[in-house]
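Quick note on labels: first sequence line is chain A, next is B, and so on, each numbered from 1.
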There are 2 protein chains.
Amino acid sequence: MEEMKEKAEKLFEGIKRHTELSPEDEEKIFSRLTRKVIKRKQFYLHEGQIAKSAAFVVSGCLRSYSIDENGFEHILQFAPANWWITDMYSFISEKESYLNINAVEDTEVLLLTRVDQLDLFDEVPTLERYFRIITENSLVNSHRRLLDNMSLTAKERYGKFCQVYPTLINTLPQKQIAQFLGITPEFLSKVRNESLRKK
Amino acid sequence: MEEMKEKAEKLFEGIKRHTELSPEDEEKIFSRLTRKVIKRKQFYLHEGQIAKSAAFVVSGCLRSYSIDENGFEHILQFAPANWWITDMYSFISEKESYLNINAVEDTEVLLLTRVDQLDLFDEVPTLERYFRIITENSLVNSHRRLLDNMSLTAKERYGKFCQVYPTLINTLPQKQIAQFLGITPEFLSKVRNESLRKK
DNA sequence: AAAAAAGGTTAAGGTAGGTTAAGAGGATGG
DNA sequence: CCATCCTCTTAACCTACCTTAACCTTTTTT
């Protein structure tokens, strides 16, 4: 499958932006990857399942979210092209996930199971370094978002979201942006309306 | 300094709970650690400084927090004994921190600079594994807290805090618990009052 | 031991954001 | 190509949580 090698190239580039990777290393990693297509609205992971693998998005966009006891959805993460996504809790503990992950649009992913990942960490130490680094970065993002949620108003958070994810603004339904920001779609509509009037 | 070796023992135990560590490895790590005492209310890190090191708490408790434009403090993390704490953003990017870290009570820490940490990752690969794992766990915690802040009421979050950190409840001033939960001290007082009445 | 500062409680009034409901496009699917 | 279902908007009303401020208690400083 020459086609699939092209797709993995994107991942290898990402790794090489953080650490080294020999052609042999690439081969070892490549042999553990599985390609999968997830159509719009289809699920990659359902709440209660165990997240056996993590997904590297080649094209398209996935989202992870939880559903609270009142049935409201809260979006934890969007994963556009070149991002990893999984339910980290379930992935590392092998316990039942509390997140759902599905496709915002038709999406193509490369899957890596936890078992294969751990094997690879021994075979290709530089891969463990890569995951250590991107996990550090994710933690910084998550902390930043926590503090933003505590210190900024909904309007300010929306403004920041527009700056940070200018691409997503146009492709994503507003409902989902609201669920990411932690407000209702109705209130986001109000906020947007007010922002427009001022210009 | 035999005394200091005892303190590092706590750290080594923690590492060995996640991965292997030979006596030689321990020696290599030990030689990079610095001991420091931080008295109650004294600072380990000020906003705007660069977090050159991460701190492993041997005894006592540190807290990290940011100050918003209205002067309100928002607590990101408490670090009781056997936890690591730093401003991860500043630590990995070497840019100015946006967090303050100071001591809730008299605290003793072991410091590891980023430079030494990265050196050690090459010398002792198993240490990189340890940090990869605890960073994964931190990310899970941070995600959990994000979703809790979006889906639970203040009262529910307080209840959860009491379950998860039963020790901290008694030692910490309520003001700081409120700043961690993302509510005002006055409102926490009300919440606690209501909870009591029901029992 | 006095003075000052900090932490906690209570209560009245205010506001950011939620709820409910209804209507107008747009997309989707049979 | 019509029916159905989303998505987005608007508006009236509601509530969880904030603000201010007064008062008390405990801790810290001198």
Side-chain angles (χ1 to χ4, degrees), chain A residues 39-42 61 63 65 67-75 78 102-106 148-162 168-198, chain B residues 39-43 61 63 65 67-75 78 100 102-106 146-162 168-198:
Chain A
K39 292 239 174 257
R40 189 170 129 80
K41 295 196 180 179
Q42 279 187 345
C61 185
R63 72 190 240 271
Y65 64 95
I67 303 178
D68 69 24
E69 51 191 7
N70 301 314
F72 289 105
E73 297 182 2
H74 305 277
I75 297 182
F78 292 109
N102 73 4
V104 172
E105 51 189 284
D106 290 358
D148 282 350
N149 282 350
M150 293 204 274
S151 55
L152 303 180
T153 64
K155 186 187 276 188
E156 290 168 328
R157 274 178 279 149
Y158 176 67
K160 218 164 168 179
F161 184 89
C162 293
L168 292 179
I169 289 292
N170 301 312
T171 51
L172 241 43
Q174 281 182 35
K175 193 182 170 187
Q176 290 187 16
I177 297 176
Q179 288 164 346
F180 180 87
L181 295 175
I183 57 178
T184 58
E186 292 86 348
F187 192 66
L188 176 57
S189 179
K190 198 173 180 177
V191 162
R192 279 168 47 88
N193 198 317
E194 282 172 18
S195 299
L196 281 179
R197 250 173 235 170
K198 286 197 178 162
Chain B
K39 292 239 173 255
R40 190 170 128 81
K41 295 198 180 176
Q42 279 188 345
F43 281 79
C61 184
R63 70 189 242 268
Y65 64 95
I67 304 178
D68 71 24
E69 50 190 8
N70 301 315
F72 290 106
E73 297 181 3
H74 305 276
I75 296 181
F78 291 108
N100 297 278
N102 71 5
V104 172
E105 49 189 282
D106 292 357
L146 250 176
L147 289 173
D148 281 351
N149 281 351
M150 293 203 276
S151 57
L152 303 180
T153 64
K155 186 187 277 189
E156 290 167 328
R157 272 177 280 148
Y158 176 66
K160 218 165 169 178
F161 185 89
C162 293
L168 290 180
I169 288 292
N170 301 313
T171 51
L172 241 44
Q174 282 182 34
K175 194 182 169 188
Q176 289 185 17
I177 297 176
Q179 288 164 347
F180 180 87
L181 294 175
I183 57 178
T184 57
E186 292 87 348
F187 193 64
L188 177 57
S189 177
K190 199 173 181 178
V191 163
R192 279 168 48 89
N193 199 319
E194 283 172 17
S195 299
L196 280 180
R197 249 174 238 171
K198 285 194 180 164

Visitor: Need to verify one output field. Residue with the more 5' nearest nucleotide on DNA chain D, A:F187 or B:A154?
Guide: A:F187

Visitor: Specify the separation, in whole Å, of atom CG of A:D68 and atom P of C:dG18.
Guide: 12 Å

Visitor: Would you mind reporting whether A:Q179 and A:Q176 have side-chain heavy atoms less than 4.5 Å apart?
Guide: yes

Visitor: Take atom CD of B:E105 and atom P of C:dA6, then tell me their distance rounded to the nearest Å.
Guide: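 That distance rounds to 19 Å.
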
Visitor: Check whether any side-chain N or O of A:E156 sits under 3.5 Å from a backbone N or O of A:T153 as a donor-acceptor pair, and report yes or no.
Guide: yes

Visitor: Spell out, as yes or no, whether a donor-acceptor pair under 3.5 Å connects the side chain of B:D106 to the backbone of B:K39.
Guide: no

Visitor: So if I take every side-chain heavy atom of B:E186 and compare against C:dG17, D:dC17, D:dT20, which nucleotide ends up nearest?
Guide: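 The nucleotide sitting nearest to the side chain is D:dT20.
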
Visitor: Would you mind reading off the distance between B:Q176 atom CD and C:dA6 atom P, rounded to a whole angstrom?
Guide: 13 Å

Visitor: Given atom CG of A:L188 and atom C1' of D:dC8, what is their separation to the nearest angstrom?
Guide: 10 Å

Visitor: In terms of the nearest nucleotide of DNA chain D, which residue is placed more toward the 5' end: B:R40 or B:L152?
Guide: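 The answer here is B:L152.
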
Visitor: Between A:T184 and C:dG18, is there a contact of a side-chain N or O with OP1 or OP2 at under 4.0 Å?
Guide: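 Looking at the OP1 and OP2 atoms of C:dG18, one of them is under 4.0 Å from a side-chain N or O of A:T184.
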
Visitor: From the list D:dC17, C:dG18, C:dG7, which nucleotide is the closest neighbour of the side chain of A:I183?
Guide: C:dG18

Visitor: More 5' along DNA chain C: B:K190 or B:K41, using each one's nearest nucleotide?
Guide: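 The answer here is B:K41.
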
Visitor: B:R157 side chain: which of D:dT7, C:dG8, D:dC17 is closest?
Guide: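 So the nucleotide nearest the side chain must be D:dC17.
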
Visitor: How many Å lie between CD on A:Q179 and P on C:dG17, as a whole number?
Guide: 17 Å

Visitor: Are B:N193 and C:dT10 close enough that a side-chain N or O sits under 4.0 Å from OP1 or OP2?
Guide: yes

Visitor: Under 4.0 Å from OP1 or OP2 of D:dT9: is there any side-chain N or O of A:Q174 that close?
Guide: yes

Visitor: Would you say the side chain of A:L188 lies within less than 4.5 Å of the side chain of A:I177, judging by non-hydrogen atoms?
Guide: yes

Visitor: Round to the nearest Å and state the distance from B:N149 atom CG to D:dA16 atom P.
Guide: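 These atoms are roughly 17 Å apart.
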
Visitor: Does the A:D68 side chain pair with the main chain of A:N70, one donor and one acceptor, at a distance under 3.5 Å?
Guide: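 Pair found, side chain donor or acceptor close to backbone of A:N70.
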
Visitor: Provide, to the nearest angstrom, the distance between the NZ atom belonging to A:K175 and the P atom belonging to C:dA27.
Guide: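 Result: 17 Å.
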
Visitor: C:dG8, OP1 or OP2 - any side-chain N/O from B:R192 closer than 4.0 Å?
Guide: no

Visitor: Let me know the distance between CG of B:L172 and P of D:dT27, rounded to the nearest Å.
Guide: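 To the nearest whole Å, that distance equals 15 Å.
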
